[in-house]
Engineer: 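My questions all concern the structure below.
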Amino acid sequence: EADIYQTPRYLVIGTGKKITLECSQTMGHDKMYWYQQDPGMELHLIHYSYGVNSTEKGDLSSESTVSRIRTEHFPLTLESARPSHTSQYLCASSELGTTVDNSPLHFGNGTRLTVT
Amino acid sequence: LAKTTQPISMDSYEGQEVNITCSHNNIATNDYITWYQQFPSQGPRFIIQGYKTKVTNEVASLFIPADRKSSTLSLPRVSLSDTAVYYCLVAMDSNYQLIWGAGTKLIIKP
């Protein structure tokens with residue numbers, strides 16, 4: 001059912017490695033988001049984008065970067081993974097509303113990252 | 001500072017109606033309220049969205065009083081498969097921020 005895809009689903013990697021988490025959506029949505037979430041806990045916004053060539057930092061962005069070269073693709077890169085990055089990373093998209101941001105978010109199933 | 005507050009956990013029994021309330025004291029006139037459901041190892045899934053009064057769809061109802069300082073998600077006749085974490089979200093018109101609640105873990109017992 002999901003029209004937003006995240007890969008890999010699970011990733012175990014050593015400290016200091018550079019990693020890129022992939023996110024693609026087929027709905028033509030302009031807005032895309034990256035959230036970090038520990039299981040059953042709050043969602044923390046890492047980055048978001050209003051469209052191609054638009055990227056903004058969220059509350060938790062200092063150790064990662066994103067790019068938005070194509071509408072459907074919004075990859076997240078960690079330059080140097082650390083154990084504190086161990087978490088679930090969720091990608092989401094929504095339509096760009098004309099007024100308030102009331103367009104529902106569509107989430108992928110996440111990437112579970114473990115840094116050893 | 002905008003904030004949404006919801007109970008950490010609730011439990012109920014199959015066949016009962018469950019109401020989960022979210023407080024959002026600083027909500028502004030044009031802000032929307034949305035509720036999401038999340039199962040383990042999945043992303044949150046949209047349940048219902050509202051602005052004022054009452055909204056109903058095939059799975060839930062959302063009640064928003066006149067002062068809009070809270071909202072209540074109502075799940076009729078829950079089943080075991082409704083066990084999940086439920087998140088309240090306020091979309092702020094002023095700055096396009098999305099303010100998430102910390103989630104309510106709902107456990108349905110047989």
Side-chain angles (χ1 to χ4, degrees), chain A residues 1-10 21 23 25 27 29-51 54 56-60 87-113, chain B residues 1-10 22 27-52 55 57 59-60 62 64 68 71 83-107:
Chain A
E1 165 183 302
D3 295 319
I4 181 163
Y5 306 97
Q6 292 187 241
T7 57
R9 190 80 171 86
Y10 301 94
L21 307 184
C23 176
Q25 50 98 3
M27 297 170 283
H29 286 168
D30 287 306
K31 295 198 73 173
M32 296 190 75
Y33 309 78
W34 275 104
Y35 284 93
Q36 183 178 339
Q37 183 191 36
D38 292 323
M41 303 297 285
E42 293 180 67
L43 284 82
H44 297 281
L45 182 64
I46 311 173
H47 294 276
Y48 59 102
S49 167
Y50 287 113
S54 155
E56 303 288 343
K57 293 184 176 183
D59 307 321
L60 212 65
S87 188
Q88 175 165 256
Y89 292 81
L90 291 165
C91 181
S93 71
S94 69
E95 295 178 4
L96 185 63
T98 56
T99 56
V100 70
D101 200 0
N102 61 340
S103 302
L105 273 67
H106 297 254
F107 282 87
N109 284 328
T111 293
R112 174 87 57 182
L113 173 66
Chain B
L1 182 66
K3 185 176 179 179
T4 57
T5 304
Q6 47 183 131
I8 294 173
S9 64
M10 295 178 66
C22 177
I27 195 167
T29 303
N30 293 327
D31 296 348
Y32 271 78
I33 301 150
T34 311
W35 284 82
Y36 291 82
Q37 176 191 55
Q38 186 179 27
F39 297 112
S41 301
Q42 295 184 21
R45 184 175 65 177
F46 171 84
I47 302 173
I48 197 166
Q49 181 182 74
Y51 176 71
K52 60 181 178 180
V55 179
N57 61 22
V59 298
L62 179 59
I64 304 169
R68 303 180 75 235
S71 60
T83 293
V85 180
Y86 291 82
Y87 290 92
C88 166
L89 170 67
V90 173
M92 298 179 64
D93 182 46
S94 60
N95 57 9
Y96 295 94
Q97 273 198 315
L98 302 177
I99 310 299
W100 289 87
T104 298
K105 184 173 184 179
L106 175 65
I107 297 174

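Naming convention: chains lettered A, B, ... in sequence-line order (proteins, then strands); numbering from 1 in each chain.
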Engineer: By a 4.5 Å heavy-atom criterion (distance strictly below it), what part of B:Phe39 contacts chain A: side chain, backbone, both, or neither?
Structural biologist: neither

Engineer: In terms of heavy-atom contacts, does CE of A:Met27 have more than 12 from other residues, nucleotides or ligands at under 6.0 Å?
Structural biologist: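 Enclosed.
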
Engineer: Indicate the atoms forming the closest heavy-atom contact of A:Asn109 with B:Gly43, along with that distance.
Structural biologist: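 Looking at all heavy atoms of both residues, the closest pair is OD1-N, 3.6 Å.
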
Engineer: Given that the side chain runs from C-beta out, which part of B:Gln38 has a heavy atom under 4.5 Å from chain A: side chain, backbone, both or neither?
Structural biologist: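 Contact with chain A involves the side chain of B:Gln38 alone.
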
Engineer: Between A:Tyr35 and chain B, with a heavy-atom cut-off of 4.5 Å, which part of the residue counts as in contact: side chain, backbone, both or neither?
Structural biologist: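 Interface part for A:Tyr35: side chain.
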
Engineer: I'd like to verify something: which residue of B:Tyr51, B:Trp100, B:Phe46 has the highest number of heavy-atom pairs under 4.5 Å with chain A?
Structural biologist: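 Of B:Tyr51, B:Trp100, B:Phe46, B:Trp100 has the most heavy-atom pairs under 4.5 Å with chain A.
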
Engineer: I'd like to know if the side chain of B:Tyr36 reaches the main chain of A:Leu105, judged simply by a donor and an acceptor atom lying under 3.5 Å from each other, with no hydrogens or angles considered.
Structural biologist: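 The answer is yes, because a donor-acceptor pair under 3.5 Å joins these two groups.
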
Engineer: What residue in A:Arg9, A:Gln6, A:His106, A:Arg112 has the most heavy-atom pairs under 4.5 Å with chain B?
Structural biologist: A:Arg9

Engineer: Using every non-hydrogen atom in the two residues, find where B:Tyr87 and A:Gln37 come nearest and quote the distance to one decimal.
Structural biologist: OH-NE2, 2.8 Å

Engineer: Where do B:Gly101 and A:Glu42 come nearest, in terms of heavy atoms and distance?
Structural biologist: O-CG, 4.4 Å

Engineer: Can you tell me how far the OH atom of A:Tyr33 sits from the CG atom of B:Leu98, to the nearest 0.5 Å?
Structural biologist: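 Atom-to-atom, A:Tyr33:OH and B:Leu98:CG are 5.0 Å apart.
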
